[in-house]
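Just below is one structure, and these are the notes that go with it.
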Amino acid sequence: MNIQALLSEKISNALIAAGAPKGSEAHIRPSTKAQFGDYQANGVMSTAKKIGIPPRQLAEKMLPLLNLENIASKVEIAGPGFINIFLDKQWIAEQIELTLQHEKLAISTVTPQTVIIDYSAPNVAKQMHVGHLRSTIIGDAVARTLEFLGHKVIRANHIGDWGTQFGMLIAYLEKVQQENATDMALADLETFYREAKKHYDEDENFAELARNYVVKLQSGDEYCRKMWRKLVDITMAQNQHTYHRLNVTLTEDDVMCESLYNNMLPDIVADLTAKKLAVKSDGAMVVYLDEFKNKDGDAMGVIIQKKDGGYLYTTTDIACAKYRHEMLHADRVLYYIDSRQHQHLMQAWAIVRKAGYIPDTMSLEHHMFGMMLGKDGKPFKTRAGGTIRLADLLDEAIERASDLIRQKNPAMPENELQLISQAVGIGAVKYADLSKNRTTDYIFDWDNMLAFEGNTAPYMQYAYTRVASIFKRANINPTALSEPVILANQYEQALATRLLQFEETILTVARDGLPHIMCAYLYDLAGLFSSFYEHCPILGAENNASKESRLKLALLTQKTLKIGLDTLGIETVEKM
């Protein structure tokens, strides 16, 4: 049930019937205060301005034409022309009944799209660090959300396996005669990377060899390809373990290396040249973009092929977008890459569109995100100033969660403690990030994220177990509830209305790629359930009709919390 969409359609139709132009929008939003009803329509104001009449006059003309029979108990004009809508309690109750009958909470059917989500993108020959966390978990939450709604989601773990660092690694492996890379642990590769970089910076002959290997790699040299394949395989095997711990849905099948597009690069350069988009400049092939200016105000040049014949990340990203249209038939592509890559992506996509490689209907979206900061307001680091490995962060989260749960339940069996600590610890790290607007930086704080109060994973997981325990304590089968939902007081009505706003919430997350909106919704829902639970006895209700009605509200709360947390990749537990 999408109340917002239903009301929007009806009010827009009434506006048009009252003389407003076609396409006039209702601008419906949930009310922030109970005295303003459940929803407010603010579209009268902007529409009245367009047609040159006072807003209140348009509202008074529109109101008799608005058909909200059996949906709203009252509709009123407020101030200069705002419309306050008070939903009918009986209608709300009927929608709760309908929602309970559906496994997916009666979410409206969407027109399926093929959506590619580009996220995580760890570095090869290095362990994942905290800098990879945001892309990985935000991208995964949006992937889960879109999949839940019925879209075809293609997860793309775009791995850089084609750049200068591979020339360095291959050259260094050759130098020390350790070509059997499959026997090396990832930690060894990190040492190799540091040593290779040192040689690259200090030894010009080595650097030249490394650069030559990059060109050979891009040209399909068998020896070079064999070496980089080993490096990629070792890295991704370790990363897959981290994804499993994080409850992230990426698999080995989702890896899309840059090398996938290698065969396309020569043709792209030739085609851009033929279309007079690319020109030779100092031996390199360059596309000049009027949309981007350098410091002198001239069109910025974007190199797509170096004078030594090597290609750049921009060339690969052009090929990537083209491939995703031609081979994967994407309607929409979401990139979860940090804000520092924004101009690079915009330039690549500008070239893609100028060349006509994708249709205008295909959406390319950079869903950028801010940084994880320490309490000092600087990028989150170890005390020594080093980068924190993601595996170490997760270990600490589980250990801290275990200590907290053991304090609350000292008699809990060890195997049960381990399972719950895993869910709570990992959930806390993820939720602390997902609950913040992805476009902003946020402060990483262990104490806040593991608190059992406030907008945290432990609070949400506890709210779920609290609802689930009601049915366990009373040994009630939810499918046996036969009495209708009755909304007898404000607490029942407030909870029921918020439950029906789940679809509006999940559609917003899917549209904008902002999981914090789901977190805010679930937190608000948990608070409303707490107030309902406090003021409306469930198992001790005055009669069976009230008891079953309240049990149905509790059941839908439990289901909604479960599905909402699932879309975030947060595990629920039956006991804490």
For the residue pair V153 and I117, establish whether any side-chain heavy-atom pair is separated by less than 4.5 Å. yes
Are E483 and K552 packed together at the side-chain level, in the sense that at least one heavy-atom pair is separated by less than 4.5 angstrom? no
Taking every heavy atom of I16 against every heavy atom of G23, the minimum-distance pair comes out as CD1-N, 4.0 Å
Residue Y462 excluded, over 12 heavy atoms near OH under 6.0 Å: no
Step through the shown structure and confirm whether more than 12 heavy atoms of other residues, nucleotides or ligands are within 6.0 Å of CG on N544. yes
Flag side-chain contact, heavy atom, 4.5 Å: F380 against M371: no
Heavy-atom count check: over 12 atoms from other residues, nucleotides or ligands less than 6.0 Å from E9 CD? no
Let me confirm one number: the CG-CD distance from N70 to Q90, rounded to the nearest 0.5 Å. 9.5 Å
On a heavy-atom basis, the closest approach of L568 and A141 is CA-CB, 4.1 Å
Side chain to side chain contact (heavy atoms under 4.5 Å, CB included), that's the test. Do E503 and S108 meet it? Break it down for me. CA-CA 8 Å; E503 181 173 332; S108 305; 2.8 Å; yes
Quick one: closest heavy-atom pair of M368 and S339, and the distance? SD-CB, 3.6 Å
Any chance you could lay out the side chain to side chain donor-acceptor pair (under 3.5 Å) test for Y442 and N437, step after step, and finish with the verdict? CA-CA 9 Å; Y442 80 99; N437 190 326; over 6 Å; no
To the nearest 0.5 angstrom, please state how far the CG atom of D254 sits from the OG1 atom of T249. 7.0 Å
Might you confirm whether atom CZ of R473 has over 12 heavy atoms from other residues, nucleotides or ligands at distances under 6.0 Å? yes
Closest heavy-atom pair and its distance - E492, I486: OE1-O, 3.7 Å
Test item: E571 side-chain N/O and G427 main-chain N/O as donor-acceptor pair under 3.5 Å: no
Is any side-chain heavy atom of V44 closer than 4.5 Å to one of F82? no
Taking atom CD of E542 as the centre, does the number of heavy atoms from other residues, nucleotides or ligands within less than 6.0 Å exceed 12? yes
Check whether K275 reaches the backbone of A355 with its side chain - one donor and one acceptor, N or O, closer than 3.5 Å. yes
Does any part of the side chain of E76, heavy atoms only, come nearer than 4.5 Å to the side chain of F86, both counted from C-beta? yes
F471 vs L551, test: side chain to side chain contact (heavy atoms under 4.5 Å, CB included). Steps then yes/no. CA-CA 8 Å; F471 291 91; L551 280 169; 3.9 Å; yes
Distance col, row I96:CD1 vs L553:CG, nearest 0.5 angstrom, shows 6.0 Å
Minimal heavy-atom distance between P30 and Q4, with the atoms involved, is CD-NE2, 3.9 Å
Assess the residue pair F529 and F532 against the criterion (ring pair (Phe, Tyr, Trp, His ring centres under 6.0 Å)); give the C-alpha distance rounded to whole Å, side-chain angles, the decisive distance to 0.1 Å, and a yes or no. CA-CA 5 Å; F529 180 82; F532 158 78; 5.6 Å; yes
If only atom types and distance count, is the side chain of T560 paired as donor or acceptor with the main-chain N or O of L499 below 3.5 Å? no
Could you state the interatomic distance from NZ (K375) to CG (L373), rounded to the nearest 0.5 Å? 13.5 Å
Please indicate whether Q101 has more than 12 foreign heavy atoms, meaning atoms of other residues, nucleotides or ligands, lying under 6.0 Å from its CD. yes
Is R353 salt-bridged to E291, cutoff N-O under 4.0 Å? no
Quick check for you: to the nearest 0.5 Å, what is the distance between K436 atom NZ and Y431 atom OH? 9.0 Å
Determine yes or no for a side-chain-to-main-chain donor-acceptor pair under 3.5 angstrom, with S135 supplying the side chain and S120 the backbone. yes
Can you establish whether the number of heavy atoms outside K49 located under 6.0 Å from its atom NZ is more than 12? no
So, for N157 and A121, which heavy atoms are closest and what is the spacing to 0.1 Å? OD1-N, 3.0 Å
Check ion pair E147-R155 (N to O, under 4.0 angstrom): yes
Within-4.5 Å side-chain heavy-atom neighbours: Y119 and I138: no
Using side chain to side chain contact (heavy atoms under 4.5 Å, CB included), reason through F292 and M346 one step at a time and then give a plain yes or no. CA-CA 9 Å; F292 300 89; M346 294 302 105; 3.7 Å; yes
Without hydrogens or angle criteria, can the side chains of Y261 and D317 be said to hold a donor-acceptor pair below 3.5 Å? no
Examine the side chains of Y523 and S435 and answer whether a donor and an acceptor come within less than 3.5 Å of each other. no
T508 side-chain N/O to E504 backbone N/O, donor-acceptor pair under 3.5 Å: yes
Donor-acceptor contact present, side-chain T567 to main-chain G564, <3.5 Å: yes
What's the separation between atom CG in L507 and atom CZ in F502, rounded to the nearest 0.5 Å? 9.5 Å
Judged by atom type as modelled, is there a donor-acceptor pair below 3.5 Å linking the side chain of R438 to the main-chain atoms of G513? yes
Run the salt-bridge test on R144 and D566 with the 4.0 Å N-O cut-off and return the result as yes or no. no
Would a distance-only check, ignoring hydrogens and angles, find a side-chain to backbone donor-acceptor pair under 3.5 Å from K430 to L246? yes
Ignoring hydrogens and geometry, is there a side-chain-to-backbone donor-acceptor pair from S12 to S24 under 3.5 Å? yes
Would you say R29's side chain and Q40's backbone share a donor-acceptor pair under 3.5 angstrom? no
Does the side chain of T465 come within less than 4.5 Å of K575's, by heavy atoms? no
So L555 and Q558, do their side chains get closer than 4.5 Å, heavy atoms only? yes
Between Y336 and H367, does any side-chain donor sit less than 3.5 Å from a side-chain acceptor? yes
One pair to check against side chain to side chain contact (heavy atoms under 4.5 Å, CB included): H325 and V352. What are the steps and the verdict? CA-CA 11 Å; H325 163 59; V352 165; over 6 Å; no
